[in-house]
Protein chains: 2
Amino acid sequence: MADERRPTTRTLASEAYDLIQEEIRTGRYRPGERLRFATLQALCVMSVTPVREALARLTAEGFTTLDDHRGYSVAVLSIEELRDLTANRKLLEGEALRLSVEHGDADWEGRLVAAHHMLARIPQARDDIPSALRVEWEDKHRAFHATLISGCGSPILIELCGKLFSRADRYRRMSASLTGGRDVVGEHRAIFDAALARDAPAAADLLRQHYQQTADALERFFVEPS
Amino acid sequence: MADERRPTTRTLASEAYDLIQEEIRTGRYRPGERLRFATLQALCVMSVTPVREALARLTAEGFTTLDDHRGYSVAVLSIEELRDLTANRKLLEGEALRLSVEHGDADWEGRLVAAHHMLARIPQARDDIPSALRVEWEDKHRAFHATLISGCGSPILIELCGKLFSRADRYRRMSASLTGGRDVVGEHRAIFDAALARDAPAAADLLRQHYQQTADALERFFVEPS
DNA sequence: TCGCCCCGGATTTTCGAAAATCCACGAATA
DNA sequence: TATTCGTGGATTTTCGAAAATCCGGGGCGA
């Protein structure tokens, strides 16, 4: 008697969260930009309440900041934060991968093989390739890294790594060309091989190098934006 | 012309956050208990909107959980989470303290001496001591641990450690007697001494032991609640 | 001229009620 | 008897507007 619309099973707040996060991650809302409720209500098509809840969640994840009585803004990006982010991702994901390789069972191995295959079969995103492929690659990339650490046995560690990954995403997308002349595919393959070979220290080391190189490339882009 | 009440500079949502967190940490709201808005609105004296925002923040910090259309509940406690929490605190705070000891400047040293002094001068909380002292000790305890890692130079790491500390707080308070027959004051002093002596590995090790022993004591209490 | 206070518009924050959704209970059917 | 299907009430979620707050500019006094 009360469903003249869609079979909504999600809340509007969740939809607003996805929408706004997408706008921020893709850079349509610039770092530091003030987020006014009127604008956001126009973007999503809803009242202020769910938008407010979405912003509360985004703030908890570090995408936005809140000053009392002054509203929300897009969190600013800085080289300092990029370095800090990288250092902590190396610490957390390095440890998580080590645990995964040590404790991961057969099911984890299977999922890892699948995730790597999905990532490897997609041609590396280039500037001249339409964004559809790009988005797909991003998804598989995220899934691969998530699968890598999914066997570590620590829900908290997995959650923390996920949040840091999301925060780093904004920096990653800043650079138009994801690869800075390096062999990203090869790096992923090396990590994958070490993990399957159950060489925990090597896998962790490779992952840390991988993140450091990504950060270095981004930092170069940061200083001299070509 | 419009301040017949208090000089409110904070938002009601922030007040609600503090109030509800206090209720949860002290155990007045039990783990797993459903949190109904009607009840919370009675506790805080405000409308549903700020309460909702407070719950959103609490959920981000792990105090509560949210199921769409089924509302919020107090997050449950479990031995598994205690162990997970402990493992990650050892990893994160251990590293943070190591960095602090290595990079901390004179200002950090000064703050650390002060924080330890404040903690040490308060008599160790016992069951027969009124809760006022207890609360004060908790505050100084938190401040001491926060100061320990405050020189690490990584805002992200500090933030993560803070969140884990808060989550662990609920477990710590479960046990009526904070000390399980061990020398907590001595443990703090040992960490303090190693930090001041600039022995980073030793300080980190002692801190990790400290957390492990706390967790072990709590786990014993968990299994056989006397 | 400079600094301080106060006002008006823009924006956030909060309210109280309406709408949507879930849950438990009981009736009807096989 | 077991299972499915509504139905009513409790609860969450959302709305639209009112209240509170902040920011910038103009006027007043030193």
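Labels below follow one simple rule: chain letters A, B, ... track the order of the sequence lines, proteins then strands, and each chain is numbered from 1. Heavy atoms only: backbone and side chains are in, while hydrogens, waters and symmetry mates are out.
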Fill in: Pairs touching residues 61-80 of chain B that satisfy salt bridge (charged side-chain N to carboxylate O under 4.0 Å, His left out), sequence neighbours left out
none

Worksheet, complete the sentence: Which of B:I79, B:L82, B:T86, B:L77 passes side chain to side chain contact (heavy atoms under 4.5 Å, CB included) with B:L218? Answer is B:L82

Worksheet item: Any ion pair linking B:K163 and B:E159 (charged N to carboxylate O, less than 4.0 Å)?
Response: yes

Discussion item. Check this for me: does any side-chain nitrogen of one of A:D216 and A:R220 sit under 4.0 Å from a carboxylate oxygen of the other?
Written reply: no

Worksheet item: Any ion pair linking B:K140 and B:E136 (charged N to carboxylate O, less than 4.0 Å)?
Response: no

Worksheet item: Which letter, B, S or -, goes with each nucleotide of nucleotides 9-14 of chain D from 5' to 3', with contact meaning a protein heavy atom under 4.0 Å?
Response: --SSBB

